[in-house]
Protein chains: 4
Amino acid sequence: MSTRAKPRSAEKKLAVDSVSRKPQQGRSKASLERMVAAAEKLMLERGSEDFTLQEVSQEGSVSIGSIYLRFESKENLVRAVIANHLKRMLQREAEMIERVKAQSHSLATVVPVYVENYAELLREEAPLLRQSMARAAFDPLVADPGRQSANRAAALGMEAMLEYRAEFGGSDHERKANAAYQIIFATLARQLSLGSTGESVHPQDWKELKIELGRMCLAYLKTDI
Amino acid sequence: MSTRAKPRSAEKKLAVDSVSRKPQQGRSKASLERMVAAAEKLMLERGSEDFTLQEVSQEGSVSIGSIYLRFESKENLVRAVIANHLKRMLQREAEMIERVKAQSHSLATVVPVYVENYAELLREEAPLLRQSMARAAFDPLVADPGRQSANRAAALGMEAMLEYRAEFGGSDHERKANAAYQIIFATLARQLSLGSTGESVHPQDWKELKIELGRMCLAYLKTDI
Amino acid sequence: MSTRAKPRSAEKKLAVDSVSRKPQQGRSKASLERMVAAAEKLMLERGSEDFTLQEVSQEGSVSIGSIYLRFESKENLVRAVIANHLKRMLQREAEMIERVKAQSHSLATVVPVYVENYAELLREEAPLLRQSMARAAFDPLVADPGRQSANRAAALGMEAMLEYRAEFGGSDHERKANAAYQIIFATLARQLSLGSTGESVHPQDWKELKIELGRMCLAYLKTDI
Amino acid sequence: MSTRAKPRSAEKKLAVDSVSRKPQQGRSKASLERMVAAAEKLMLERGSEDFTLQEVSQEGSVSIGSIYLRFESKENLVRAVIANHLKRMLQREAEMIERVKAQSHSLATVVPVYVENYAELLREEAPLLRQSMARAAFDPLVADPGRQSANRAAALGMEAMLEYRAEFGGSDHERKANAAYQIIFATLARQLSLGSTGESVHPQDWKELKIELGRMCLAYLKTDI
DNA sequence: TATGAATGAGTATTCATTCAT
DNA sequence: GATGAATGAATACTCATTCAT
């Protein structure tokens, strides 16, 4: 897949349904799932889209023809994997937020707890997330829904912090919460090499940084400036 | 270039000299420079290493044989481009820090000025930096020197902030300065899609975020916690 | 094909089946045969493996991809040609021996008749045999089955002579028959430049030599020493 | 060197002088010798002409330009190596024959002694001889002088046997001696894989075969037929 | 629907030979 | 004479996509 972009219409949703050719039901739905699962497995093993449809065919016990019956191109199959992953992430993020809320009773607790839990979640999903992000750099069909997912994740994080908006300093609480979220995500993402220099910091530093990140956000949210 | 890693000895330096075949002087140095420049141009145009040696040959008016006279492989030519870029970045960072220092007279000025200037620098260098980072993910020959560059950049940034350590709160000033740098870089990098989801925020949000980033760091550095 | 050996497992059989990728039946078998035939034709024309897959593609009306569908490498295609040839040789040798036996009624007749017929057979097969032998020098996958073929040919030749063992002198008849075969083959092979200096003797000398070769073997087999 | 033949004029001599560009004397003769020696070394190491002029340049401390100053092509350099070898062979063969003659006092001794000594000589020279013979198959410039060398070797061998022509049976002694030589050489050559199937016989069989070869020749030379 | 055999454009790399210095 | 940097033609192999069955 050397061809880079090939953007298409201004589609905004990236779900398996929107990249796969026809809404599947019943028996053939199983084969659809097998091919997507096989592709995902290969992407995780390879750490990239460097897999062959031949391999998907064998791994998923699906004929190559079948793949093209469901997907217009290999590219779309990759998009389907990413779409699936995005959906799963969203689900997990919602659950995680609930856990965070349950464990917190103040701004001073919610921030570090959120950082910790979000970090763990991102770490687990990093392998595919990395690939989503890499592709989003040149593929609008991934970038657009990726942005939406990011927005929802932001909304969830902000919501958790805003639960204690009474403790916030300053006036524009939403703006502060949003900034805090952006910075938290960016910092975590970089540590997980989600598109970063790969200088995956020493675990030592990483642990330390998470603490400071929490402190920084807390200081920022509370300050009147 | 499907072969991923091929790490080698424990070389730590990535300079054109270490990936190119022989120390070049005089006349033939010109042709070396032309091929590296052509490769860089193509990498910038394509946004990736998806260029052909044939193209480098034409663009740089160098024979393919000549390229192999200087570089063991296309991979090494790419590394040379990155090495060049790393060197240039370092130079520019040092100059930028000087400017920042000159414009500042307090923690409250140095932080936002630094954020602003560093952001601008990174924005300009983003296209190649993105590729460096992508390659570093699987190529130790790029990752190692990349890490070193990152460390030097961190040292410079911390130094600028520590100039006003008298205004810091808390006790471990180095730790704080380091955390602040990491968070600043991560946030800027993400906005520039340096490996990120590509949801390059609206210019509006971006401007806003830089301001909040400065505020957050300032609040953090000053707080006693 | 600069890579010399690449031996593999301890496979002992070299048949098209063992170097080609999948047991072919029906329709696609035809294309397999076309590509092998094209390769053979080119090897005969060139007198060596210096042919291009591009040429095989055109000559055999097969796409390059198809070749790789059947053969892992050009090397394996060459091996398939050789395997085919080996099989054909074996067949012809068996038939030839039957003819020799039918025409003979004494040691004095069987030896020269065998020499004459074997010479003719080898002459006809020399072009490919030469290449088999050249490759066997560094390719175990050809050397091993080549050895086996040679052994079977020896067994057939000895058998023809031993039919008249009553006329043998000395005691160890098998040993004598074996020595006679080896010397006959070696002499014929050299005359056919099967790996020899190419000083393909004058037809005159060649004819003469065959007669003397027969005489020598006869004298040897009959002698009591 | 994929181009096969390119025969040229009807030159008949292959000496370094006839393939090298100018009769060398003095200082530059040394460099000529270095490049030929380097080429020979590489041919022995590789077992083939698969060496690079670059390698000859380094190994022999000669510039590539120098090689082309002496030789019209890489092919001619190879021919020079072979020519050298041929000359050396001839020298050694003459010496060997003297030794054989000195050790013999009857046909019954000269034949096995000659077989043994010639076998040893050929074994030692096999590596380059093999390459001479391989090249002779398509290169007249090597085939012609090779043939001459072979003729001289035949003459020497025949001479040794004819020393005892009084013990020969039959009438045409020259013819018999010639046939014996041809068969001896062919058999030895094949055992040494001089272009042969590579089924280098077990040392056991080899020893045995040499004995039988001697017996066979003896029986043949003595018989009246 | 489903299959998987067939297609063929596209590309990194090698190395004999030339020629400016 | 001597050098060795520059040249560029030549070639095996991959893999997304198609389409006959």
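Letters A, B, ... mirror the listed sequences (proteins, then strands); counts begin at 1. Every heavy atom of this structure was used, including side-chain atoms; hydrogens, water molecules and symmetry mates were not. This is a predicted model, so every value here is computed, not measured.
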Which nucleotide wins on minimum distance to the side chain of A:Leu69, given the candidates F:dC13, E:dA2, E:dT7? E:dA2

Per the salt bridge (Lys or Arg N to Asp or Glu O under 4.0 Å) rule, what does the pair list look like for residues 58-67 of chain A, sequence neighbours excluded? A:Lys41-A:Glu59

The test is side chain to side chain contact (heavy atoms under 4.5 Å, CB included); show your working for C:Asp139 and C:Arg79 and say whether it passes. CA-CA 9 Å; C:Asp139 182 353; C:Arg79 288 188 184 117; 2.7 Å; yes

Output the rounded distance in Å from CG (D:Leu77) to C1' (E:dC15). 15 Å

Rounding to an integer number of Å, can you tell me how far A:Lys74 NZ sits from F:dT14 C1'? 11 Å

Take the protein atom CD of D:Glu75 and the nucleotide atom P of E:dC15, then report the distance between them rounded to whole Å. 16 Å

For DNA chain F, whose closest nucleotide is more 5', that of B:Gly65 or that of D:Ile64? D:Ile64

Without decimals, in angstroms, what is the distance between D:Tyr68 OH and E:dC19 C1'? 13 Å

Tell me whether the side-chain N/O atoms of A:Arg70 come closer than 4.0 Å to OP1 or OP2 in E:dT1. no

Spacing between B:Lys29 atom NZ and F:dG4 atom P, to the nearest angstrom: 21 Å

B:Met35 has an atom CE; how far is it from atom P of E:dA12, in whole Å? 15 Å

Between C:Gln131 (side chain only) and C:Met43 (backbone N and O only), is there a donor and an acceptor less than 3.5 Å apart? yes

Please state how far atom CZ in A:Arg34 lies from atom P in E:dA2, giving the value in whole angstrom units. 11 Å

Donor-acceptor pair, distance only, cut-off 3.5 Å: does the side chain of D:Ser48 make one with the backbone of D:Asp50? yes

Relative to the 5' end of DNA chain F, which residue comes earlier, C:Leu53 or B:Ser61, by the nucleotide with the nearest heavy atom? B:Ser61

Of C:Ser66 and B:Gln54, whose closest DNA chain E nucleotide lies nearer the 5' terminus? C:Ser66

May I have the distance from D:Glu55 (atom CD) to E:dC15 (atom P), rounded to whole angstrom? 8 Å

How does DNA chain E read in dot-bracket, base by base from 5' to 3', with Watson-Crick or G-U pairs under 3.5 Å and | used when the partner is on another strand? .||||||||||||||||||||

Quick check against the 3.5 Å criterion: does A:Arg34 have a side-chain atom that pairs as donor or acceptor with the backbone of A:Ser61? yes

What contact category does D:Thr52 fall into here, base, sugar-phosphate, or nothing, at under 4.0 angstrom with non-hydrogen atoms? sugar-phosphate

Would you please confirm or rule out a distance under 4.0 Å between OP1 or OP2 of F:dG8 and any side-chain N or O of B:Ser63? no

For the side chain of A:Lys74 and the backbone of A:Phe51, is there at least one donor-acceptor N/O pair under 3.5 Å apart? yes

With a 4.5 Å cut-off on side-chain heavy atoms, are A:Leu128 and A:Ile82 touching? no

